[in-house]
Chemist: 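Take this structure, written in C-alpha cells, and hold onto it; I'll ask about it next.
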Amino acid sequence: AFIVMNKPRRIFGTDGVRGTANIEPVTAETALKLGRAAAHVFKNLALPSRDRGKHKIVLGKDTRLSGYMLENAISSGILSMGVDVLFIGPLPTPGVAYVTRSLRADAGIVITASHNPYADNGIKFFRADGYKLDDKIEQEIEGLVFSGEIENIRPTATEVGKAVRIDDALGRYIEYAKAS
C-alpha cells in the first residue's frame, strides 16, 4: 500500500485564477465562492468601509463571452456577504486598478485571461490601492473557499449588498490615461 499525500489545494496561480472557462477553477460555482470569500476578507481588512457606507468591490472584465457568466457568479457571492458591487463593464486591467482607487472601493476584481486564448478566462484581484494582492491575502481567500468556514455567514434583508453600474468608468480612465 502506498500513501497519497494531500497536497494543499491551490486556486491562485502567479497572476490570479486562470484556466479554461467553465472548467474548474474557472467555473460559476468557484467564482461564487471566490466572491463570497473575497468579500469577507476585504470587509474585515478595512473596518469601517472607506466611505463609511457599505463596503464595495469594483468589478470589471474584458470582452470574452464567458465574462458574463463569471461576472454574475462572482457578484452574487459578493452581494450575499453584504458587500456592494460596482460594475464598470469592459475595461483594460490597469483601468480596473485605477477605477478601484478612484472610486475608493475596498478592492477591485477584473475578469480576464489577458493574452491567453479566448476559451480561457481568469479572475484577478486588486487591493484598495489598485495593486495586486499579496500572497497572504490570496491564501486567506483560498482557505475560505476550501474550508467552507463562511457557509454560515449569511446577511439577510437590508444587510445584503446591492449592485450598481458605473457608467463613466471608461471616461474616468481615459482622462487619467491622457493626463499621465
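Just so you know, residue 1 is the first one in the sequence shown, and it goes up from there.
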Chemist: Answer with yes or no whether the hydrophobic clustering places Phe42 together with Tyr131; edges join I, L, V, M, F, W, Y residues whose side-chain heavy atoms lie under 4.5 Å apart.
Modeler: no

Chemist: Could you give me the CA-CA distance, side-chain angles and deciding distance for Asp167 and Phe87, then say whether side chain to side chain contact (heavy atoms under 4.5 Å, CB included) is met?
Modeler: CA-CA 9 Å; Asp167 291 320; Phe87 287 116; over 6 Å; no

Chemist: Answer yes or no: are there more than 12 heavy-atom neighbours, outside Tyr118 itself, under 6.0 Å from its atom OH?
Modeler: yes

Chemist: Considering only NZ, NE, NH1 and NH2 on the basic side and carboxylate oxygens on the acidic side, decide whether Lys56 and Asp106 come within less than 4.0 Å.
Modeler: no

Chemist: Can you confirm whether more than 12 heavy atoms, excluding those of Lys162, are under 6.0 Å from its NZ atom?
Modeler: no

Chemist: Could you verify whether a donor N or O on one side chain and an acceptor N or O on the other, from Glu159 and Thr156, lie under 3.5 Å apart?
Modeler: no

Chemist: For the pair Arg64 (side chain) and Asp120 (backbone), establish whether a donor and an acceptor sit closer than 3.5 Å, ignoring hydrogens and angles.
Modeler: yes

Chemist: Do any N or O atoms from the side chain of Glu142 and from the backbone of Ile11 form a donor-acceptor pair under 3.5 angstrom?
Modeler: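 Yes: the side chain of Glu142 pairs with the backbone of Ile11.
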
Chemist: Is the shortest side-chain heavy-atom distance between Phe12 and Val145 below 4.5 Å?
Modeler: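 When only atoms from C-beta onward are counted, Val145 and Phe12 do not touch, as no gap falls below 4.5 Å.
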
Chemist: In terms of hydrophobic clusters joined by side-chain contacts under 4.5 Å, are Val26 and Leu65 together?
Modeler: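 Cluster IDs for Val26 and Leu65 differ.
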
Chemist: Using every non-hydrogen atom in the two residues, find where Ile153 and Arg36 come nearest and quote the distance to one decimal.
Modeler: O-NH2, 3.1 Å

Chemist: Compare every heavy atom of Pro90 with every heavy atom of Thr63, then report the nearest pair and how far apart it is.
Modeler: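 So the two residues come closest at CG2-CB, 4.1 Å.
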
Chemist: Please evaluate residues Arg172 and Leu103 with respect to the criterion side chain to side chain contact (heavy atoms under 4.5 Å, CB included), reporting the C-alpha separation (whole Å), side-chain torsions for both, the decisive distance (0.1 Å), and the verdict.
Modeler: CA-CA 10 Å; Arg172 275 175 185 256; Leu103 293 177; 3.4 Å; yes

Chemist: Enter the distance from Arg18:CZ to Asn116:CG here, rounded to the nearest 0.5 Å.
Modeler: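 These two atoms lie 5.0 Å from each other.
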
Chemist: Taking it one step at a time, do Val110 and Phe125 satisfy side chain to side chain contact (heavy atoms under 4.5 Å, CB included)?
Modeler: CA-CA 7 Å; Val110 62; Phe125 296 82; over 6 Å; no

Chemist: Do Val83 and Leu79 have side chains that get closer than 4.5 Å, going by heavy atoms?
Modeler: no

Chemist: Should Asn121 and Leu70 count as side-chain neighbours, where that means a heavy-atom distance under 4.5 Å?
Modeler: yes

Chemist: Taking the side chain as C-beta and beyond, is there a heavy-atom pair between Ile57 and Val85 under 4.5 Å?
Modeler: no

Chemist: Do the side chains of Leu86 and Leu59 get nearer than 4.5 Å, heavy atoms only?
Modeler: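 SC-SC contact between Leu59 and Leu86 ruled out.
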
Chemist: Over 60° means perpendicular and under 30° means parallel, so classify the ring planes of Tyr98 and Tyr176, tilted if in between.
Modeler: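 Judged by the thresholds at 30° and 60°, the geometry between Tyr176 and Tyr98 is parallel.
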
Chemist: Does a sphere of radius 6.0 Å around CD in Gln139 hold more than 12 heavy atoms from other residues, nucleotides or ligands, not counting ones at 6.0 Å or beyond?
Modeler: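 Yes, the 6.0 Å shell around CD holds more than 12 heavy atoms from other groups.
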
Chemist: Is Arg104 reaching over with its side chain to a backbone N or O of Arg101, donor-acceptor style, under 3.5 angstrom?
Modeler: no

Chemist: Without swapping roles, check the side chain of Lys61 against the backbone of Ile109 for a donor-acceptor pair under 3.5 Å.
Modeler: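 Pair absent, no side-chain N/O of Lys61 close to backbone of Ile109.
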
Chemist: Could you pull out the closest heavy-atom pair between Ser76 and Leu32, with the gap in Å?
Modeler: CB-CD1, 3.6 Å

Chemist: Does a sphere of radius 6.0 Å around OH in Tyr68 hold more than 12 heavy atoms from other residues, nucleotides or ligands, not counting ones at 6.0 Å or beyond?
Modeler: no

Chemist: If you compare all heavy atoms of Ala128 against all heavy atoms of Ala105, which two are closest, and at what distance to 0.1 Å?
Modeler: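 Of all heavy-atom pairs spanning Ala128 and Ala105, the closest is CB-O, 3.4 Å.
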
Chemist: Might you work through the side-chain hydrogen bond (donor to acceptor under 3.5 Å, both in side chains) test for Asn22 and Thr27, ending with a clear yes or no?
Modeler: CA-CA 4 Å; Asn22 221 15; Thr27 61; over 6 Å; no

Chemist: Output the distance between atom NE2 (His40) and atom CD (Glu149), rounded to the nearest 0.5 Å.
Modeler: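 Reported to 0.5 Å precision, the distance equals 7.0 Å.
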
Chemist: Can you find a pair of side-chain heavy atoms, one from Val96 and one from Phe126, that are under 4.5 Å apart?
Modeler: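 Yes; the side chains approach each other to less than 4.5 Å.
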
Chemist: May I ask whether Ile111 and Ile141 are part of the same hydrophobic cluster, defined by side-chain heavy atoms of I, L, V, M, F, W, Y residues being less than 4.5 angstrom apart, directly or through others?
Modeler: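 Yes, it is one cluster - the side chains of Ile111 and Ile141 are joined through contacts under 4.5 Å.
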
Chemist: Using the rule that Ile, Leu, Val, Met, Phe, Trp and Tyr join whenever any side-chain heavy atoms are under 4.5 Å apart, tell me whether Ile137 and Ile74 fall into a single cluster.
Modeler: yes

Chemist: Are Val17 and Phe146 connected in the hydrophobic side-chain network, where two residues link if heavy atoms are under 4.5 Å apart?
Modeler: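 Result: yes, single cluster for both.
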
Chemist: Within this structure, what is the NZ-OG1 distance for the pair Lys132 and Thr93, rounded to the nearest 0.5 Å?
Modeler: 12.0 Å

Chemist: Can you tell which of Thr100, Asp168, Val58, Leu170 makes a side-chain contact (heavy atoms from CB on, under 4.5 Å) with Ile88?
Modeler: Val58

Chemist: Quick one: closest heavy-atom pair of Ala28 and Ala73, and the distance?
Modeler: O-CB, 3.3 Å

Chemist: Do side-chain atoms of Thr112 reach the backbone of Ser114 as a donor and acceptor pair under 3.5 angstrom?
Modeler: yes

Chemist: Let me confirm one number: the NZ-CD1 distance from Lys43 to Ile78, rounded to the nearest 0.5 Å.
Modeler: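 With rounding to 0.5 Å, NZ (Lys43) is 12.0 Å from CD1 (Ile78).
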
Chemist: Where do Glu175 and Tyr173 land on the side chain to side chain contact (heavy atoms under 4.5 Å, CB included) test, with the steps shown first?
Modeler: CA-CA 5 Å; Glu175 288 310 310; Tyr173 180 56; over 6 Å; no

Chemist: Output yes when a side-chain donor or acceptor of Ser147 lies under 3.5 Å from a complementary backbone atom of Gly143, and no otherwise.
Modeler: yes

Chemist: Can you see which heavy atom on Ala97 is nearest to which on Gly130, and at what distance?
Modeler: CB-O, 3.3 Å

